[in-house]
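The structure appears right after this line, and notes come after that.
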Amino acid sequence: MGTAEPKRIGFLATQFDEYYQNLVFHGALEEARRYPVQLIFYEGSNTETLTKSGALDDTAFNLAAKTRLDGLIVMTNTMGSSFSRERIAGYLASFSHMPIVSIGLEFDNVYTLRPQAGCGMVQLTSHLVEVHHRRRFLFLAGPEGHPESEARKSEFLHTLSELLPEAEPVILYADFLEERAYETTIALIEGHWNFDAVVAANDQMAFGSIRALEEHGIRVPAQVSVTGFDDIPYSVLSIPALTTIHQPTSELGRRAIGYLATELGLGSSDPTSMVADLSTSFVIRQSCGCMNGGTGDAASTVDQLQMRLRNLFSLQVGERSRSAFLRRIEAAVVRTFKLEEILVELSHGLKRLGIRFAAVVMVDERRKNTSRASLFMLLNGEEVQIFTPNGQQFSTRSLLPQGLPKDFQAYVCESLQFGSEQMGYFICTPDAKDMHVYASLRDLITTSMKGALIMSLEKDRELILQREVHERTGELVAANKQLKREIAQRKELEQELLEVSNNIMTRIGQDIHDDLCQDLAALGMLAATLESALKKTELAGARQLAKNISESALKSAYTAKQIARDLFPSDLQDNGFVASVMQLVKSKNVTDGNMVTLEIQPGFHIDDKQQAIQLYRIIQEALNNALKHAKATRITVNLLHDEQSATVEVVDDGVGFEVKKGRTASGMGMKILTYRANLIGGDLHIASSPSGTVVSCRVSLQEGA
């Protein structure tokens with residue numbers, strides 16, 4: 001970038017790993033290469049704040065304020081899903097001393113970019129009615145009141161009312177989220193499905209609806225047309241390819257940088273760039289029912305299918321490779337609780353991912369109004385600096401002690417937040433091609449650093465206790481013995497924790513190897529066979545192979561989803577404990593027959609997040625044990641409570657096992673149950689006989705987090 005000090009432009013959005021926002025950012029990055037400009041992406045969300053009714057935290061704005069910025073791009077359209085308009089306006093006011101570009105929403109004294117309507121929704125609705133004769137419509141909208149979603153909904157309803165005055169479309173809000181659209185569609189299918197067209201306000205919701213329909217044997221597009229909005233890259237690779245409305249997402253980013261470059265005196269923007277069309281356009285593919293994607297050319301359809309298969313296979317290979325890197329990093333940090341070793345292993349993993357610059361900064365939230373932060377790791381090219389045990393301190397008025405290096409074009413800044421605790425931030429160059437890597441690294445760093453800090457505090461406590469023992473006289477011999485017992489118990493707990501971690505990692509590896517990898521390998525073989533058949537122009541056989549590939553792909557996606565759900569019960573965040581247990585029981589009945597029942601005492605609830613996740617895992621482990629080992633014919637899950645406590649109970653009529661009183665459970669499953677109960681101060685009871693087993697855990701009720 002040369003020796004001159006570059007202008008720094010902040011890019012504030014909610015998620016780096018969301019296709020739409022990522023495309024706008026990379027469009028901005030492409031244009032930024034024409035100028036002496038650094039682009040810094042600040043992510044304004046994390047796993048705790050992206051909930052159904054939650055809101056974004058202030059981290060992105062706070063981190064941006066610590067950086068010497070010359071201009072700002074704000075994705076107000078995506079932030080509007082969680083922030084109120086007034087709150088966004090308040091944040092923008094704090095940056096009023098610099099030029100600002102708002103993408104989506106209009107604010108006073110702020111340059112606004114938004115795609116022009118272009119009649120895309122009019123064309124799409126007319127196409128479904130006039131070409132495919134669809135009459136019964138479901139519209140999946142974004143968050144209620146969101147300006148862009150409301151505009152798309154209004155255009156759809158107006159067009160439909162003119163074409164079909166008698167139509168009665170159903171409007172449901174799925175918040176622009178794929179999983180929410182999937183759940184909404186599932187609920188309709190299980191209730192009363194009477195639609196022949198699904199119009200989604202973005203592509204992600206369209207993907208979720210297609211997945212739900214296909215899982216329940218409702219064929220797209222033969223029985224139901226499904227359309228999206230945005231035309232993200234994956235829309236052309238989906239099966240079937242998604243009919244959608246193209247938005248000039250990359251052009252929005254380029255236009256934003258062009259405007260700021262002109263405002264900052266870096267030279268006027270390319271006139272052709274500034275007048276480029278920002279209107280939307282209707283893109284016809286297969287999901288609406290146009291089996292040739294609107295081309296009418298069968299040979300072109302075959303070519304498109306071959307291209308999609310090659311791209312899908314390439315994506316799978318790339319994702320497996322990058323996932324292997326992340327698992328290697330995770331395995332390394334799980335092996336140790338030492339901060340220095342964690343950071344060393346992290347730096348090695350970052351290099352393998354091709355990331356050239358990275359830094360880990362921690363803050364101490366317990367000290368109110370602190371003005372200092374601590375740099376713990378700095379990776380710059382091949383050079384790695386680890387600052388342990390206390391870090392290199394610097395003023396929180398800067399993002400890094402020496403500021404951001406001017407040698408790199410762009411950075412991604414991720415907040416490290418453990419629950420409600422603000423731990424620090426992770427900043428790196430966006431060199432990894434997989435946009436999902438950065439959120440994974442953020443979560444991995446957060447959990448591993450938190451574990452290391454907890455262990456460090458425990459070791460400091462241990463040393464303090466030892467010094468006190470040595471300073472006391474013989475009358476404290478009893479206290480000394482107690483201390484040794486505590487140390488021995490702590491070491492035993494650490495060992496069990498390591499065993500549990502290794503067991504969980506082994507289970508993940510086995511699931512992926514035994515199910516997902518074999519399915520993907522079969523998909524690759526079918527794709528190769530299809531390509532060979534197509535070369536020989538055996539179209540009839542090729543169509544059957546294409547059907548087999550589609551079914552294998554859906555099976556692989558379902559398998560991966562089940563593994564992910566077992567690892568992380570997202571329903572706990574979205575719908576609460578009781579709904580999550582209901583979904584767990586339902587999933588077991590789907591895979592193991594209707595042998596599990598759920599009994600819920602009226603008024604039962606769990607508000608504390610830590611209690612909820614551990615009790616859910618206890619039920620999950622007990623169910624797995626009963627289904628795999630007990631040879632049970634009936635299993636009952638009971639949720640009970642009184643004024644002071646709540647109890648979860650899993651009862652089966654299986655063969656039972658021997659429970660030895662007064663001894664620590666020897667099986668890994670029993671150890672996991674005991675460990676989880678101890679974490680939340682629960683009272684775990686296990687009773688077993690040849691006629692069945694009862695596993696119960698009782699906890700005192702607490703205020704919700």
Side-chain angles (χ1 to χ4, degrees), residues 1-16 20-44 59-79 88 91-105 107 109-114 248-270 273-274 276 278 356-357 359 397-400 403-415 425 427-431 435 438:
M1 294 184 61
T3 58
E5 189 71 20
K7 298 291 185 181
R8 290 198 174 98
I9 295 176
F11 191 104
L12 273 66
T14 59
Q15 289 177 269
F16 189 79
Y20 175 77
Q21 298 171 77
N22 192 272
L23 284 172
V24 177
F25 174 75
H26 277 88
L29 183 55
E30 289 177 11
E31 184 68 14
R33 294 192 176 100
R34 301 179 58 239
Y35 306 100
V37 163
Q38 275 186 338
L39 193 59
I40 309 168
F41 187 102
Y42 301 94
E43 183 162 4
T59 304
F61 292 98
N62 293 338
L63 291 175
K66 295 180 181 180
T67 316
R68 186 193 59 76
L69 295 177
D70 301 290
L72 194 65
I73 301 171
V74 185
M75 297 283 292
T76 55
N77 51 359
T78 61
M79 287 190 165
I88 297 175
Y91 284 123
L92 294 180
S94 64
F95 294 91
S96 59
H97 58 284
M98 65 182 69
I100 302 174
V101 176
S102 168
I103 296 180
L105 305 184
F107 294 90
N109 303 315
V110 173
Y111 183 73
T112 302
L113 286 172
R114 63 165 59 181
T249 48
S250 297
E251 183 59 35
L252 287 171
R254 285 191 287 268
R255 187 78 64 86
I257 291 294
Y259 169 80
L260 291 176
T262 301
E263 291 293 306
L264 296 173
L266 301 177
S268 60
S269 298
D270 181 358
S273 172
M274 292 303 291
L278 283 178
R356 295 169 293 167
F357 177 88
R397 290 177 294 180
S398 301
L399 204 61
L400 292 174
L404 286 174
K406 60 183 180 181
D407 306 317
F408 305 103
Q409 184 82 55
Y411 297 91
V412 176
C413 190
E414 295 272 4
S415 169
Y425 48 91
I427 186 167
C428 68
T429 47
D431 301 311
M435 65 181 181
Y438 305 96

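All figures in this text were calculated on a predicted structure; none of them were measured in a lab. Scope of the values below: all heavy atoms of this structure, side chains included, with no hydrogens, waters or symmetry mates.
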Minimal non-hydrogen separation, [X] against [Y], with atom names:
X	Y	result
P6	K406	CD-CB, 3.5 Å
L400	A359	CD2-CB, 3.7 Å
L69	M98	O-CE, 3.6 Å
S398	Y425	O-OH, 3.8 Å
A410	P430	O-CD, 3.1 Å

How many angstroms lie between atom [atom1] of [X] and atom [atom2] of [Y], to the nearest 0.5 angstrom?
X	Y	atom1	atom2	value
T76	L92	OG1	CG	7.5 Å
R33	L39	CZ	CG	10.0 Å
Q409	Y35	CD	OH	12.0 Å
I40	T429	CD1	OG1	12.5 Å
Y91	F107	OH	CZ	13.0 Å

Any T67 side-chain heavy atom under 4.5 Å of Y42 side chain: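 They are in side-chain contact.
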Residue pair I100 / N109, side-chain heavy-atom distance below 4.5 Å: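 Not in contact.
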Would you find a donor on one side and an acceptor on the other, under 3.5 Å apart, between the side chain of [X] and the backbone of [Y]?
X	Y	result
Q38	E5	no
Q21	T14	yes
D70	I9	no

For the residue pair Y111 and Y259, does the interplanar ring angle fall in the parallel (under 30°), tilted (30 to 60°) or perpendicular (over 60°) class?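 Geometry flag for Y259 against Y111: parallel rings.
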Would you please name every residue forming a ring pair (Phe, Tyr, Trp, His ring centres under 6.0 Å) with F357, sequence neighbours left out?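 Only F408, Y411 meet the ring pair (Phe, Tyr, Trp, His ring centres under 6.0 Å) criterion with F357.
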Between I427 and L63, does a side chain to side chain contact (heavy atoms under 4.5 Å, CB included) hold up when you go through it step by step? CA-CA 11 Å; I427 186 167; L63 291 175; over 6 Å; no
Intermediate values then yes/no, side chain to side chain contact (heavy atoms under 4.5 Å, CB included), Q15 and E43: CA-CA 6 Å; Q15 289 177 269; E43 183 162 4; 4.0 Å; yes
Passes side chain to side chain contact (heavy atoms under 4.5 Å, CB included), L105 versus V110? Steps please. CA-CA 10 Å; L105 305 184; V110 173; over 6 Å; no
Should L29 and F41 be marked as a side chain to side chain contact (heavy atoms under 4.5 Å, CB included) after you check the CA-CA gap, both sets of side-chain angles, and the distance that decides it? CA-CA 10 Å; L29 183 55; F41 187 102; over 6 Å; no
Of L12, I73, T112, which is the lone residue that meets side-chain contact (heavy atoms from CB on, under 4.5 Å) with I103?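 Among L12, I73, T112, the one meeting side-chain contact (heavy atoms from CB on, under 4.5 Å) with I103 is I73.
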Listed partners of [X] passing side chain to side chain contact (heavy atoms under 4.5 Å, CB included), at least two apart:
X	value
R114	E106
P99	L260, E263, L264
T249	Y20, L23, V24, Q247

Considering only NZ, NE, NH1 and NH2 on the basic side and carboxylate oxygens on the acidic side, decide whether E31 and R34 come within less than 4.0 Å.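 Yes, charged N to carboxylate O under 4.0 Å.
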Under the salt bridge (charged side-chain N to carboxylate O under 4.0 Å, His left out) test, which residues partner R356, sequence neighbours left out?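 R356 satisfies salt bridge (charged side-chain N to carboxylate O under 4.0 Å, His left out) with D431 once adjacent residues are dropped.
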